[in-house]
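Owing to the predicted nature of the structure, the values given are computational and were not obtained by experimental measurement.
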Amino acid sequence: VTYPEAPVREAIERLTAPYQIDNTVETNEPLLNRLRHVWTPDLRILDPDGVELYRWNGYLPPAEFAPQLIAAVAHARLRLKEYEKAKELYEEVLRRFPTALVAAEAQYYVGVSAYRKSHEAGDLLKAWHELEKSHPGSEWTVKQNF
Amino acid sequence: MSEIAWFGSLEEAQRIARERDLLVLIDVFNPT
């Protein structure tokens, strides 16, 4: 019920090359073992060499899946040190899905990706001050303390 | 509404990801 929704399909096809694995098919066992698969839904983001960059478990409705997927790709781009691409994707989450569960995390990482690119503390603090205002009760607001 | 065009193998998804500057999405599911 999640995948046919237009925002979900659009995000998957724009940002990823998608592959599905049925965990009840015996011939899939070697790959499932390689992935250390435990529980479905099990979503992974890999680089083209097969290195896992992000993962999450559990069902999400379309309104949450699309922003989670965009944030997941942003995390992957950040780990690949593609800071500008990462920041643009986090900002897309905030612009299109400001009330999503993943929005506070995206706001946190807007600051991280901006700082990693510029090395300017002001870029980090600007994003994190915004996080304090927009998501005062979030775990990500706790995590920005140092 | 239409369905996602899932690739037929992980290797194919990785090849397309490399060619098009994409990342690979894996969805492990249980149909039951």
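- Side-chain contact between F29(B) and P41(A): absent, with no pair of heavy atoms (C-beta onward) separated by less than 4.5 Å.
- For D42(A), the salt bridge (Lys or Arg N to Asp or Glu O under 4.0 Å) partners at least two apart in sequence or on another chain are R44(A).
- Per-residue heavy-atom pair counts under 4.5 Å with chain A were compared for L10(B), L23(B), T32(B), L22(B), and the maximum is reached by L23(B).
- Here D27(B) contributes atom CG and N23(A) contributes atom CG; the two are 10.0 Å apart, rounded to the nearest 0.5 Å.
- Using a 4.5 Å heavy-atom threshold, the side chains of W140(A) and H135(A) count as separate.
- The part of R14(A) that comes within reach of chain B is its backbone (N, CA, C, O), which places non-hydrogen atoms under 4.5 angstrom from that chain.
- The candidate from V8(A), L15(A), L69(A) with the greatest count of non-hydrogen atom pairs under 4.5 Å with chain B is L15(A).
- L101(A) pairs by the side-chain contact (heavy atoms from CB on, under 4.5 Å) definition with E64(A), not counting sequence neighbours.
- Against chain B, the residues from residues 85-96 of chain A that qualify, each with a non-hydrogen atom under 4.5 angstrom away, are K85(A) in number order.
- Note: Y115(A) and W128(A) fail the aromatic proximity criterion, with ring centroids not under 6.0 Å apart.
- For the atom pair D22(A) CG and L32(A) CG, the distance stands at 9.0 Å (nearest 0.5 Å).
- Heavy atoms of I12(A) lying under 4.5 Å from chain B belong exclusively to its side chain.
- Partners of E19(B) under the salt bridge (Lys or Arg N to Asp or Glu O under 4.0 Å) rule, at least two apart in sequence or in another chain, are R15(B).
- Heavy-atom distances place no part of N57(A) under 4.5 Å from chain B, backbone and side chain included.
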